[in-house]
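Bear in mind that the values here come from a model prediction, so they are computed numbers and not experimental data. Chain A is the first sequence line, chain B the second, and so forth, proteins listed ahead of strands; every chain is numbered from 1.
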There are 2 protein chains.
Amino acid sequence: MDAGAPKFRRRKADRPAEIVQAALAVFAEKGFAAAKLEDIARQAGVSKGAIYLYFETKEDIFRAVVGQAIAPNVVAVKAMAAAHPGPLADLLRGVTGHIAGIVTHTPLGCVLKMVVGEARNFPEIARVWHDELVSQALGTLTAAIAAAQARGEVKPGDPRIYALQLIAPLLVAVLWRETFVPVGAEPFDLPAVMSQHIDTLLLGLLTEGARP
Amino acid sequence: MDAGAPKFRRRKADRPAEIVQAALAVFAEKGFAAAKLEDIARQAGVSKGAIYLYFETKEDIFRAVVGQAIAPNVVAVKAMAAAHPGPLADLLRGVTGHIAGIVTHTPLGCVLKMVVGEARNFPEIARVWHDELVSQALGTLTAAIAAAQARGEVKPGDPRIYALQLIAPLLVAVLWRETFVPVGAEPFDLPAVMSQHIDTLLLGLLTEGARP
DNA sequence: TGTTACTAAACGGCCAGTCAGTTATTTAGA
DNA sequence: TCTAAATAACTGACTGGCCGTTTAGTAACA
């Protein structure tokens, strides 16, 4: 045993974030129920007991993981909407491109899958995600579309459904990646999907006068 | 104790189907891991031990549940495609209407959610669903769109992405129903979504000559 | 009376959560 | 600056309960 190397360090401040990050990886791979605290602890570089210095229960960790993924995104979406007061087409390209970037380079897709999968067992998590993220994002998009309708840019129709139409292919492509690509399915190229989707949908969405 | 009423009946032929149906209900509500054999047994009207006369393990039941949801649908989709050799618009309205009906009146939506949620833990189930149902359906739709492109009905573009664009709102609306509606989210009206979606998307999809 | 579908109780492995002890770090006294 | 006592972050072995699975026995039906 190397006398100079301590067996562990006391790093109270950093532990919670490290544990949450480790838990995200393990939950994303196994799902909530099949994830073992032992695995989370090992991944975080602590013992199982140490986790309980910072979290009450396993569910508590899950809540922290899911909650953490929300905050940075909701502000981003709203800022994006505010930044494009002009033609709807600009806004849509900006927003969808931004979301596509988030979804490819962060574990948001994994978390989404977990929220869908565990919604029945953790209704309060589904509620938080809906109230604070999904509903906000959809509402922002819906409002932007309704405003464009008022300006005469967009044809009549339910703006909430238009918003759904816009983001649905992105979500499905992400779930496809998480679900079927690991078993050999051909992936979808996210930028290509969104590019073609926006091009196609805008033609049906915009009034004649608003087309480029 | 009523002497005339037997404690149980011997109904070997019916048990498997009853157990699978009960398991579907319990799995759909709780997810695979949180579902208890005890609950499935009670719902099916048998004892826990009886289940093991017909299934090897809990996973075995899950496989039966998921597999059962596949067969009736894949044939339906292919028949639908074969029945509409004419203009793409007819086919799309037929197919999406049909799928919307299935998804509202059968537990396919629940099963889809389960497949997404448990794909990592049961890769062979994800594979079966992909190979036998999802990929088939998407492939059929893609082929129909490609054929329409060859006829000059549909604009250039990746037909597989067009297919994704077409069905994505339906899938998201279903997952929305399963995930967020139970916690107070406003549901989407599936027929309204598909009607507006087809109307809008076709405008962007069809060539000028093919528009009604 | 024999066969076997079925029940109910018991088993055992797994794992979230606990706890008594250990070690890093801080504080305070010399 | 060194040392010792005090503090609390951390470890790892342990446990209690839950639940999938087994099995010995029972009851339905031919």
Side-chain angles (χ1 to χ4, degrees), chain A residues 1-27 29-65 114 118 120-122 125, chain B residues 1-27 29-66 114 118 121-122 125:
Chain A
M1 183 95 178
D2 188 349
K7 206 159 149 188
F8 62 87
R9 298 291 171 115
R10 305 175 76 178
R11 288 168 44 245
K12 186 185 170 94
D14 300 335
R15 295 300 191 201
E18 291 174 1
I19 292 169
V20 167
Q21 191 183 338
L24 169 61
V26 178
F27 283 142
E29 187 190 331
K30 309 256 194 178
F32 176 79
K36 294 177 228 175
L37 248 44
E38 199 74 57
D39 297 339
I40 297 175
R42 193 178 323 114
Q43 180 108 4
V46 294
S47 70
K48 200 168 56 156
I51 292 180
Y52 285 88
L53 298 173
Y54 303 101
F55 298 91
E56 297 266 325
T57 63
K58 188 183 179 185
E59 298 194 7
D60 220 36
I61 307 172
F62 188 64
R63 272 182 274 272
V65 167
M114 287 165 44
E118 305 289 347
R120 279 269 162 59
N121 298 101
F122 299 92
I125 283 185
Chain B
M1 183 96 178
D2 189 348
K7 203 159 145 190
F8 62 88
R9 299 291 172 118
R10 306 176 75 182
R11 289 167 44 244
K12 187 186 170 95
D14 300 335
R15 295 300 190 200
E18 291 174 2
I19 292 168
V20 167
Q21 191 184 337
L24 168 61
V26 178
F27 283 144
E29 188 190 331
K30 309 259 194 178
F32 176 79
K36 294 176 226 176
L37 262 309
E38 196 78 56
D39 297 339
I40 297 175
R42 191 178 323 114
Q43 180 109 3
V46 294
S47 69
K48 208 164 50 154
I51 293 179
Y52 285 88
L53 298 172
Y54 303 101
F55 299 91
E56 297 265 326
T57 63
K58 187 184 181 184
E59 298 195 7
D60 220 36
I61 307 172
F62 188 65
R63 271 182 276 272
V65 167
V66 175
M114 286 165 43
E118 306 286 348
N121 297 101
F122 298 91
I125 285 184

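Between the CG atom in Asp39(A) and the CD atom in Glu29(A) there is a gap of 8.5 Å [rounded to 0.5 Å].
Remark: P of dA9(D) and CG of Asp14(A) are 13 Å apart, rounded to the nearest angstrom. Taking atom CG of Leu53(A) as the reference point, atom P of dG17(C) lies 14 Å away to the nearest angstrom. Counting to the nearest Å, the P atom of dC14(C) and the NZ atom of Lys30(A) are 14 Å from each other. The CD1-C1' distance, from Ile51(A) to dG17(C), rounds to 11 Å in whole Å. Per the geometry, NZ belonging to Lys12(A) stands 14 Å off C1' belonging to dT26(C), to the nearest Å. Following rounding to the nearest Å, Ile61(A) (CD1) and dA16(C) (P) show an atom-to-atom distance of 9 Å.
One finds no side-chain N or O of Tyr54(A) lying less than 4.0 angstrom from the OP1 or OP2 phosphate oxygen of dA9(D). Not one side-chain nitrogen or oxygen of Arg11(B) sits closer than 4.0 Å to the OP1 or OP2 atom of dC6(C).
Between Phe62(A) and Phe27(A), the ring planes are perpendicular. Angles over 60° get that label, and only those under 30° would be called parallel.
Between Ala23(B) and Ile61(B), the shortest heavy-atom contact is CB-CG2, 3.4 Å. Here the shortest heavy-atom pairing between Phe55(A) and Pro16(A) reads CZ-O, 4.1 Å.
As judged by a 4.0 angstrom heavy-atom cut-off over every strand, Phe55(A) is placed among residues making no nucleic acid contact.
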Nucleotide-resolved protein contact map, nucleotides 19-30 of chain D, B/S/- at heavy-atom distance under 4.0 Å: SBBB----SBB-

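The salt bridge (charged side-chain N to carboxylate O under 4.0 Å, His left out) check on Lys48(B) picks up Glu38(B), with sequence neighbours excluded. Evaluation of the salt bridge (charged side-chain N to carboxylate O under 4.0 Å, His left out) rule for Arg63(A) yields Glu59(A), Asp60(A), Glu124(A) as partners, not counting sequence neighbours.
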